Novice: 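Right, I'll just put the structure down here and ask away after.
Just so it is clear, the model here is predicted, and its values are computed rather than measured.
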Amino acid sequence: MERIDHMEHLDRHLVDELAQAARETIREELREQTRKQRRTAMLYAASGALALYAGAAVAVALGLALGIGLPDWAAALITAAILGVAAYLVRNAAKPRPAGRGAAHGPLAGNAPSGPSAGAGPQYPPAPPMPPVAPDARLPEAGGAPRVQGVGPQDPRPRG
């Protein structure tokens with residue numbers, strides 16, 4: 001009986017050692033992956049900052065070039081308008097596309113949808129159809145309230 005208890009103790013000890021080794025291995029692997037991802041994120045951030053400065057330099061150069069033939073305020077306004085259009089196009093490129101529509105569709109492809117649903121924003125279902133006769137124009141014989149000239153719609157509640 002003591003031998004079985006001793007074996008169970010050894011089994012538990014072995015399982016604990018294996019679990020500890022697995023935990024340490026997983027932790028070390030996660031640390032290594034985190035280190036690599038942190039480095040990659042820092043490089044992307046630096047790249048973004050440099051791209052921002054490069055874009056600002058291009059905007060300044062465009063403004064100065066336009067300033068040769070135009071007043072400074074007009075050159076700055078045109079540069080701002082160009083940057084605004086570029087920001088709008090980039091924002092639209094980032095929007096998710098509905099299923100079944102590829103990159104060849106949309107306002108830039110020349111086949112923009114037309115009609116009331118062409119604008120941005122939520123799409124609502126169509127309004128229900130109008131009734132053929134106004135509610136207060138019913139005949140008194142049909143149970144409707146009689147119409148009185150010069151007075152607004154009648155109260156449909158019975159008067160007692």
Side-chain angles (χ1 to χ4, degrees), residues 1-136 153 155-157:
M1 196 71 166
E2 286 181 24
R3 185 172 172 88
I4 293 174
D5 289 339
H6 180 66
M7 293 298 280
E8 286 178 10
H9 176 69
L10 286 177
D11 286 346
R12 279 193 212 127
H13 184 67
L14 182 60
V15 167
D16 290 342
E17 283 185 36
L18 285 173
Q20 182 66 26
R23 279 194 293 268
E24 288 175 5
T25 304
I26 290 171
R27 281 187 188 135
E28 185 58 36
E29 183 64 29
L30 288 174
R31 278 190 201 112
E32 184 64 28
Q33 287 179 1
T34 303
R35 221 175 285 130
K36 288 179 184 177
Q37 289 174 350
R38 191 178 306 139
R39 182 177 185 275
T40 302
M42 286 178 22
L43 290 174
Y44 272 118
S47 171
L50 291 174
L52 180 68
Y53 283 117
V58 168
V60 167
L62 178 65
L64 290 173
L66 288 172
I68 292 173
L70 296 170
D72 291 341
W73 65 267
L77 188 63
I78 292 171
T79 303
I82 291 171
L83 289 174
V85 168
Y88 176 79
L89 294 175
V90 170
R91 187 201 70 180
N92 281 347
K95 283 186 179 180
R97 301 214 189 309
R101 293 192 58 180
H105 293 85
L108 297 180
N111 58 353
S114 61
S117 65
Q123 301 296 319
Y124 298 105
M130 294 292 292
V133 178
D136 60 314
D155 187 1
R157 295 176 288 190

Novice: Can you give me the closest heavy-atom contact between Ala75 and Gly63, atom names plus distance?
Specialist: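 Looking at all heavy atoms of both residues, the shortest contact is CB-O, 3.4 Å.
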Novice: Take a 6.0 Å sphere around CZ of Arg91 and say whether it holds more than 12 heavy atoms from other residues, nucleotides or ligands.
Specialist: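 More than 12 within 6.0 Å, yes.
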Novice: Roughly how far, to the nearest 0.5 Å, is the CG atom of Leu66 from the OG1 atom of Thr79?
Specialist: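 Rounded to the nearest 0.5 Å, the OG1-CG separation comes to 5.0 Å.
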Novice: Does the pair Arg27/Glu24 count as a salt bridge with the N-to-O cut at 4.0 Å?
Specialist: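 Salt bridge: no.
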Novice: Please report the interatomic distance CG(Leu30) to OG1(Thr25), rounded to the nearest 0.5 Å.
Specialist: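 Spacing of CG (Leu30) from OG1 (Thr25) equals 11.0 Å.
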Novice: Taking atom CG of Leu77 and atom CG of Asp72, what is their separation to the nearest 0.5 Å?
Specialist: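 So the gap between those two atoms works out to 12.5 Å.
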Novice: Can you measure from OG1 (Thr34) to CD (Glu32) and round to the nearest 0.5 angstrom?
Specialist: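 Those atoms lie 9.0 Å apart.
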Novice: With rounding to the nearest 0.5 angstrom, report the CD to CD distance, Gln33 to Glu28.
Specialist: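 The CD atom of Gln33 sits 11.0 Å away from the CD atom of Glu28.
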